[in-house]
Amino acid sequence: MDSTDDGLHAWARGDQEAGRAFYRRHCARITAFFARKTSTDVPDLVQRSFLKCLEAARGDTPVLNPVGLLLTIARHELYDHLGRLHRVAIDPAVSSLHDLGPSPSQQLAEDERQQRLLSAMDRLPLDDQLALELYYWEQLPMAEVARVLEVGRSAALSRVHRARARLRTLLDDAVGKAGAPELVTALGPAPPRPDDG
């Protein structure tokens, strides 16, 4: 195996063992490169990057830095993937992962937050849980919430406020008073009070 090219050229000439060694040596690095930036299709992106690197090594232009080439190809694969995923043209000079959506670590934090919220909601009386779900998740107008709950609009408003307060208490107990307001706020703004019209 040619140590100057890390086995890539031997792989391009048909040495499968050199190809496997090249892949093993760099797979974790390329996988981590993608996994830090997207949570979808990482194995496919890794495979495409290695195959395109092999195609480039089989071409007419000599590959002086195989790892650099592999990372360059991975970068282009990432941009193409993000463009397809978000259905926008990616301009890496101005586009950020934050602009495109949550990163895997942000998504994990959001999933944990959602899980805490759902766990607390499961401990609410069913009428309260349903009132919150209809208003916040189903985004029904309060008149529709009242119709589904078979109560007047004022009673439905009161129920949503009571349910928010109970949820806040449950979250205070579960995550502490510092984290509870953020989780309750994640539901959305409170509806107007029944006496506010």
Non-hydrogen side-chain atoms of [X] and [Y] separated by less than 4.5 Å:
| X | Y | value |
| --- | --- | --- |
| H26 | R29 | yes |
| D41 | D44 | yes |
| L134 | E144 | no |
| L71 | I73 | no |
| L70 | K52 | no |
| Y23 | V46 | yes |
| D128 | L132 | no |

### Task
Flag this pair as yes if the NZ/CZ of K37 is under 6.0 angstrom from the six-membered ring centre of F33 and inside a 45 degree cone about the axis; otherwise no.
yes
Within this structure, what is the [atom1]-[atom2] distance for the pair [X] and [Y], rounded to the nearest 0.5 Å?
| X | Y | atom1 | atom2 | value |
| --- | --- | --- | --- | --- |
| S158 | R153 | OG | CZ | 10.5 Å |
| R162 | L157 | CZ | CG | 12.5 Å |
| R36 | L78 | CZ | CG | 11.0 Å |

### Query
In chain order, what residues pass the side-chain contact (heavy atoms from CB on, under 4.5 Å) check against L51, with sequence neighbours excluded?
Q47
So, for [X] and [Y], which heavy atoms are closest and what is the spacing to 0.1 Å?
| X | Y | answer |
| --- | --- | --- |
| Y135 | L140 | CD1-O, 3.8 Å |
| A74 | S49 | CA-OG, 3.5 Å |
| R166 | P125 | NH1-CG, 3.3 Å |
| P66 | C53 | O-SG, 4.2 Å |
| A120 | L167 | CB-CD1, 3.6 Å |
| L124 | A163 | CD2-O, 4.1 Å |

### Message
Regarding R20 and E17, does a basic nitrogen lie under 4.0 Å from an acidic carboxylate oxygen?
### Response
yes
### Query
Is a side-chain donor-acceptor pair under 3.5 Å present for H81 with T40?
yes
### Task
Assess the side chains of Y79 and R84: does a donor N or O sit below 3.5 Å from an acceptor N or O?
no
### Query
Hey, is the main chain of A165 close enough, under 3.5 Å, to the side chain of T169 for a donor-acceptor pair?
yes
### Task
Output yes when a side-chain donor or acceptor of T38 lies under 3.5 Å from a complementary backbone atom of F34, and no otherwise.
no
### Task
Take the angle between the ring planes of F50 and F22 and call it parallel below 30°, perpendicular above 60°, tilted in between.
perpendicular
